[in-house]
Number of protein chains: 2
Amino acid sequence: MNYSRQREIILEALRNNVVHPTAEYIHSVLEKQYGSVSIATLYRNLNQLVDNGLIKRIDGLEVPSHFDHNTHEHFHFMCEKCKKIFDVSSDVAPDIVEKAQQELGAKINGYDIVFRGICNDCK
Amino acid sequence: MNYSRQREIILEALRNNVVHPTAEYIHSVLEKQYGSVSIATLYRNLNQLVDNGLIKRIDGLEVPSHFDHNTHEHFHFMCEKCKKIFDVSSDVAPDIVEKAQQELGAKINGYDIVFRGICNDCK
DNA sequence: TCATAATTGATAACAATTATCATTTTATAG
DNA sequence: CTATAAAATGATAATTGTTATCAATTATGA
């Protein structure tokens with residue numbers, strides 16, 4: 001991965017701004033706060049950053065994809081009403097990888113846990 | 001939900017055939033084994049069946065969506081090599097909903113757990 | 001059996017994402 | 001410093017999966 005200014009500001013925007021943005025949202029943030037980046041470059045870089053482990057793609061939520069600069073193990077909850085995404089600590093499912101690997105006889109490289117419901121504020 | 005022959009054969013195909021098919025795959029199965037159903041009708045019915053709890057949409061796997069006639073609580077593992085999807089028992093994460101609800105102060109209505117890795121056969 | 005609501009198929013539209021490709025930028029070996 | 005190869009960019013076309021539209025058909029039930 002060679003250096004590029006565009007990738008730098010994409011990562012910077014992710015780290016300094018909202019926590020679980022879509023590509024479209026990142027695009028709008030860049031426009032305002034940093035330099036504008038073409039939509040193709042943005043998608044290309046998001047994929048590269050995911051592939052290189054610098055960010056995570058949150059699977060299992062609604063399309064479009066959401067991204068997360070927090071690469072520490074944790075899960076997500078999306079409020080079905082306000083659509084906000086909250087972090088959930090990985091303590092809710094201890095030993096889950098070991099148990100699943102044992103059950104499957106497989107090598108698990110990653111996993112996603114996504115909750116849906118109504119958040120505290122919307123209740 | 002009024003009766004329709006198309007919905008009947010879609011559900012029948014799901015129950016009698018492969019376990020985690022995509023819409024496209026169901027479409028091809030219908031073509032061969034049952035009567036042909038228009039793609040619009042298929043998507044419409046899949047959504048309705050999900051809404052009515054007769055089948056589940058498996059979120060968090062690759063696009064396109066996969067569907068599951070098994071509505072009992074369980075999780076999924078997708079092999080990154082052969083792309084096959086395996087069931088994982090819900091025993092791997094006991095009390096997960098209660099713990100997450102407590103942490104969030106939210107009402108959880110559903111959740112998905114999806115593992116990725118290399119399956120026993122592909123290792 | 002008539003009226004209303006639900007469903008269908010064909011197809012257009014849509015949204016998110018990826019591919020293409022000529023041009024520019026970056027890394028590096030001499 | 002160059003020269004060169006590899007990587008990245010922007011503009012835009014293309015693709016993919018899915019949903020919307022709408023006229024025609026089918027189901028439901030008073």
Side-chain angles (χ1 to χ4, degrees), chain A residues 1-14 18 20-68 78 83 85 112 114, chain B residues 1-14 18 20-68 76 78 80 83 85 112 114:
Chain A
M1 235 190 355
N2 281 353
Y3 170 85
S4 93
R5 167 81 187 139
Q6 283 83 342
R7 184 152 50 235
E8 184 176 76
I9 65 174
I10 289 167
L11 198 48
E12 205 176 317
L14 265 158
V18 237
H20 305 109
T22 62
E24 186 48 39
Y25 190 81
I26 298 168
H27 195 237
S28 77
V29 168
L30 293 180
E31 199 110 275
K32 287 192 212 94
Q33 300 184 16
Y34 306 81
S36 159
V37 166
S38 104
I39 194 74
T41 301
L42 175 57
Y43 274 105
R44 235 175 335 205
N45 276 293
L46 287 172
N47 285 334
Q48 272 184 102
L49 290 166
V50 169
D51 291 348
N52 288 80
L54 285 109
I55 64 172
K56 292 253 296 171
R57 179 194 311 278
I58 309 177
D59 291 313
L61 294 177
E62 299 179 346
V63 166
S65 286
H66 293 254
F67 296 87
D68 196 344
M78 181 183 253
K83 304 290 177 188
I85 298 167
D112 281 287
V114 171
Chain B
M1 237 189 354
N2 281 354
Y3 171 85
S4 93
R5 168 81 186 138
Q6 284 84 344
R7 185 153 49 235
E8 184 177 76
I9 65 174
I10 289 167
L11 198 48
E12 205 176 318
L14 264 158
V18 236
H20 304 110
T22 62
E24 186 49 41
Y25 189 82
I26 299 167
H27 195 236
S28 77
V29 167
L30 293 180
E31 198 111 274
K32 286 193 213 91
Q33 301 184 18
Y34 305 80
S36 160
V37 165
S38 104
I39 194 73
T41 300
L42 175 57
Y43 274 106
R44 234 176 336 209
N45 276 294
L46 287 172
N47 285 334
Q48 271 183 102
L49 290 166
V50 169
D51 291 347
N52 288 79
L54 285 108
I55 64 172
K56 292 253 297 170
R57 179 194 311 277
I58 309 177
D59 290 312
L61 295 177
E62 298 179 346
V63 167
S65 287
H66 295 253
F67 296 87
D68 197 345
H76 296 99
M78 180 183 255
E80 291 167 331
K83 305 289 177 187
I85 298 167
D112 284 288
V114 170

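Because only heavy atoms are used, hydrogens play no part in the values below, and waters and symmetry mates are left out as well, while side chains stay in. Source: prediction; values computed, not measured. Within every chain, numbering begins at 1; the chains are lettered A, B, ... in the order of the sequence lines, protein sequences first and strands thereafter.
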Q: Between C/dT18 atom P and B/E62 atom CD, what is the distance in whole Å?
A: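 Checked: the CD to P distance equals 11 Å.
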Q: Can you check whether B/R57 reaches B/N47 side chain to side chain, under 4.5 Å on heavy atoms?
A: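 Result yes, sub-4.5 Å side-chain heavy-atom pair found.
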Q: Do B/D68 and B/I55 have side-chain heavy atoms sitting under 4.5 Å apart?
A: no
Q: Does B/T41 put a side-chain nitrogen or oxygen below 4.0 Å from OP1 or OP2 of C/dG9?
A: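 Yes, because at least one side-chain N or O of B/T41 sits under 4.0 Å from OP1 or OP2 of C/dG9.
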Q: Rounded to the nearest angstrom, tell me the gap between atom CG in A/L42 and atom P in D/dA11.
A: 13 Å
Q: Look at the side chain of A/H27 and the backbone N and O of A/V37, then say whether any donor-acceptor pair between them is shorter than 3.5 Å.
A: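 Yes; judged by distance alone, with no hydrogens or angles, the pair exists.
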Q: Considering every strand and a 4.0 Å limit on heavy-atom distances, what is the contact class for B/Q6: base, sugar-phosphate, or nothing?
A: sugar-phosphate
Q: Side-chain donor-acceptor pair under 3.5 Å between B/R44 and B/T41, yes or no?
A: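 Yes - a donor-acceptor pair under 3.5 Å links their side chains.
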Q: Is any side-chain heavy atom of A/M1 less than 4.5 Å from a side-chain heavy atom of A/N52?
A: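 They are in side-chain contact.
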Q: Please work out if B/Q48 contacts a base, only the sugar-phosphate, or nothing of the nucleic acid, heavy-atom cut-off 4.0 Å.
A: sugar-phosphate
Q: Can you check the B/L46 CG to D/dG17 C1' distance for me, whole Å?
A: 13 Å
Q: Report yes if the side chains of B/I10 and B/L49 come closer than 4.5 Å at any heavy-atom pair, otherwise no.
A: yes
Q: According to a strict under-4.0 Å criterion, is A/N47 in side-chain N/O contact with OP1 or OP2 of C/dT17?
A: no
Q: Can you check the A/I39 CD1 to C/dA15 C1' distance for me, whole Å?
A: 12 Å
Q: Walk along nucleotides 19-30 of chain C from 5' to 3' and tag each nucleotide B, S or - by protein heavy-atom contact under 4.0 Å, base first, then sugar-phosphate.
A: B------SS---
Q: Whole Å only: how far is the NE2 atom of B/H27 from the P atom of C/dA10?
A: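 Answer to the nearest Å: 9 Å.
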Q: Of the candidate nucleotides C/dA10, D/dT19, C/dT17, which contains the atom at the shortest distance from the side chain of A/Y43?
A: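 For the A/Y43 side chain, the nearest candidate turns out to be C/dT17.
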Q: Quick check: do B/M78 and B/I58 have side-chain heavy atoms less than 4.5 Å from each other?
A: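 B/M78 vs B/I58: side chains apart.
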Q: For the atom pair NZ (B/K83) and CD1 (B/I85), what is the distance rounded to the nearest 0.5 Å?
A: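 One gets 10.0 Å once the value is rounded to the nearest 0.5 Å.
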Q: Kindly calculate the angle separating the two end axes of the helix from C/dT1-D/dA30 to C/dG30-D/dC1, each obtained from five base pairs, and round it to 10 degrees.
A: 40°
Q: Tell me: CD of A/E8 to P of D/dT9, nearest whole Å?
A: 12 Å
Q: To the nearest 0.5 Å, tell me how far A/Q6 CD sits from A/Y34 OH.
A: 14.5 Å
Q: Do the non-hydrogen side-chain atoms of B/L30 and B/S36 ever get within less than 4.5 Å of each other?
A: no
Q: Looking at D/dA8, D/dG17, C/dT8, which one has an atom nearest to any side-chain atom of B/P64?
A: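 The nucleotide sitting nearest to the side chain is D/dG17.
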Q: Just how far, in rounded Å, is P of C/dT7 from CD1 of B/I10?
A: 12 Å
Q: Output yes when at least one side-chain N/O atom of A/S65 is less than 4.0 Å from OP1 or OP2 of C/dT17, else no.
A: yes
Q: Please report, rounded to the nearest Å, how far the C1' atom of D/dA8 is from the CG atom of A/N52.
A: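 In whole Å, D/dA8 C1' lies 14 Å from A/N52 CG.
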